[in-house]
2 protein chains.
Amino acid sequence: MTPAVEDYLKTIFLLSTRGETVTTGALAKELQVSSPSVSAMVKRLADGELVRRGRTLTLTAAGEREALRVVRRHRLLETFLVRALEMPWDEVHEEAEQLEHALSDRLEARIDAALGHPTHDPHGDPIPGAAGRHDESWGQPLAVAPEGCRFAIERVSDRRSDALRYLGERGLRPGVVVEVEEQDPYGGPRWVRVSGERVALAPLLTALIHGRVVRQGA
Amino acid sequence: MTPAVEDYLKTIFLLSTRGETVTTGALAKELQVSSPSVSAMVKRLADGELVRRGRTLTLTAAGEREALRVVRRHRLLETFLVRALEMPWDEVHEEAEQLEHALSDRLEARIDAALGHPTHDPHGDPIPGAAGRHDESWGQPLAVAPEGCRFAIERVSDRRSDALRYLGERGLRPGVVVEVEEQDPYGGPRWVRVSGERVALAPLLTALIHGRVVRQGA
DNA sequence: CGACGATGTTAGCCGTGCCTGACCTCGGCC
DNA sequence: GGCCGAGGTCAGGCACGGCTAACATCGTCG
């Protein structure tokens, strides 16, 4: 399990849970490598029984198991960096990206125990268990929440660290409940109220915030 | 700075501070690779102005700077793993060996601060500062301490993790002062008294323990 | 002095993981 | 039906970091 292989498996897993079709092209774009490189690697993964190559790529049971291990390490590390070292939540993804490949089972277990076996990372992403099944479902994006409802934030995508920082500064974090107000037209912002404060959120941002409607309001 | 390059530079540095002559052969043995591999890598390092190739290998200023950075990360990590995660001191070396290559400057600084800028790792090895000079001197080995003296342990080599565990269980740690008793002949053990308990230490072990004589006893 | 053993280097090879450039294979559209 | 463009794959190459086998070099000792 080289770092490159781990990254490919993890990315295939995350793309598919995100509902995107997993093709060599999508992988190339996501991993920032050329498509011939992806082709070659996917061939190796298929030879190793980790990936099935149809018109869309899928993980075998073994491949998914490995992917989950990587995702688990990644999210445990993010949680640890925020809780134990008070690192800002917009920096931890990048760090974990490196460390996830260097974390031994022994240390992983120790971190897990020190954190009290957390179930979600700082962005609200579920941490796969050391063994067994895993539910990666996303709630609905804030973008589609109806005006006037109360919306409980469950996950905030960590893909854009700058956006994460921006949202964090405005109190938009998992566990927070916001009041959804109007949607300005023509690609304008969505207005929400966060602990009294009125905040305008660009469409790009409301697409990153997922959760569920708590109570239909006025 | 690839992991392999970091390992070579670190090893050259540690071998030379240990007083051993740094040759390609010594590196091959230490790094567990063939000597042609070492030859090739040393050539690359020399091309990169990190190493000088005489009859013995020496680090250039740039090479030593890099080596110190790696050693610093390694020892900070060891300290962190013991202090923050209560990992046993005989396990941390191995973990740090992996993590040292994945630690960003940002995270390094955060760990350093969280530990209160420690000066020594759990084995008593000095942690190089973020910049500037560094003193790697070893005290004298317990093996040569005269009978009847009191001996303050300063460093315990982390090269043999099994020995480290054995010594730790018997209270032989940096900061501890032991009373040196007789040396059995014919390669027999050295007897020492640790907080009242009489302990026999094989020659291999007394060579791993370094420190200084505190007071000449009876 | 000459042979031998230790040490180091050269030559040639392999797997990994990336690249560019060329090709192939579709589906859709004129 | 033929052509175009998008997506995927071959071909060929490169840097890295390792390997074995063979050769060079050197010091020592008979």
Side-chain angles (χ1 to χ4, degrees), chain A residues 1-16 18-59 62-63 66-67 69-70 97-102, chain B residues 1-16 18-59 62-63 66-67 69-70 97-102:
Chain A
M1 225 33 38
T2 65
V5 168
E6 292 182 344
D7 282 337
Y8 275 84
L9 293 177
K10 182 185 64 172
T11 303
I12 293 171
F13 177 80
L14 293 179
L15 279 180
S16 71
R18 225 187 282 151
E20 302 180 26
T21 53
V22 185
T23 59
T24 56
L27 276 181
K29 191 175 167 206
E30 191 73 13
L31 291 166
Q32 302 272 284
V33 295
S34 69
S35 34
S37 297
V38 174
S39 259
M41 176 60 98
V42 165
K43 195 167 191 315
R44 289 213 297 281
L45 294 177
D47 288 350
E49 312 270 275
L50 296 167
V51 164
R52 266 183 304 269
R53 299 207 273 176
R55 57 176 36 214
T56 163
L57 301 170
T58 51
L59 293 173
E66 285 306 321
R69 281 172 44 80
V70 180
E97 208 65 26
Q98 301 304 314
L99 293 170
E100 66 189 7
H101 305 299
Chain B
M1 223 35 38
T2 65
V5 168
E6 292 182 344
D7 282 338
Y8 275 85
L9 293 178
K10 181 185 65 171
T11 303
I12 293 170
F13 177 80
L14 292 179
L15 279 180
S16 72
R18 225 186 281 150
E20 302 180 27
T21 54
V22 185
T23 59
T24 56
L27 275 181
K29 190 175 167 203
E30 192 72 13
L31 291 166
Q32 301 273 287
V33 295
S34 69
S35 35
S37 298
V38 174
S39 260
M41 177 59 99
V42 166
K43 195 167 191 318
R44 288 212 297 279
L45 295 176
D47 288 350
E49 310 271 274
L50 295 167
V51 164
R52 266 182 304 269
R53 299 208 274 177
R55 56 175 37 212
T56 164
L57 302 171
T58 51
L59 293 173
E66 285 306 321
R69 281 172 46 82
V70 180
E97 208 66 30
Q98 301 304 314
L99 294 170
E100 66 190 7
H101 304 299

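In what follows, chains are A, B, ... by sequence order, proteins preceding strands, each numbered from 1.
Atom CD in A/Glu6 sits about 10 Å away from atom P in C/dG17, given to the nearest Å. Separating the CG atom of A/Leu9 from the P atom of C/dG17 is a distance of 11 Å, rounded to the nearest angstrom.
Between A/Glu100 and A/Lys10, at least one side-chain nitrogen of the basic residue sits less than 4.0 Å from a carboxylate oxygen of the acidic one, meeting the salt-bridge criterion. Under the 4.0 Å criterion applied to side-chain N and carboxylate O atoms, B/Lys29 and B/Glu20 are not assigned as salt-bridge partners.
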Let me have a per-nucleotide readout for nucleotides 11-23 of chain D, 5' to 3', with B, S or -, counting only protein heavy atoms under 4.0 Å. -----SSBBBB--
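Residues passing the side-chain contact (heavy atoms from CB on, under 4.5 Å) test with A/Lys43, sequence neighbours excluded: A/Asp47, A/Arg53. Residues passing the side-chain contact (heavy atoms from CB on, under 4.5 Å) test with A/Ala62 are A/Leu50, A/Thr60, A/Arg65, sequence neighbours excluded. Scanning for side-chain hydrogen bond (donor to acceptor under 3.5 Å, both in side chains) contacts around A/Thr11 gives an empty result, with sequence neighbours left out.
Non-hydrogen atoms lying under 4.0 Å from DNA chain C are contributed by B/Thr24, B/Gly25, all within residues 24-31 of chain B. Heavy-atom distances under 4.0 Å link DNA chain C to no residue of residues 47-59 of chain A.
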Apply the test side-chain contact (heavy atoms from CB on, under 4.5 Å) to residues A/Leu57 and A/Thr23: give CA-CA distance (whole Å), side-chain angles for both, the deciding distance (0.1 Å), then the verdict. CA-CA 6 Å; A/Leu57 301 170; A/Thr23 59; 5.9 Å; no
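Under the side chain to side chain contact (heavy atoms under 4.5 Å, CB included) rule, A/Val51 has a single partner from A/Val22, A/Thr58, A/Leu45, which is A/Leu45.
Counting heavy atoms from C-beta on, the side chains of B/Thr2 and B/Val5 come closer than 4.5 Å.
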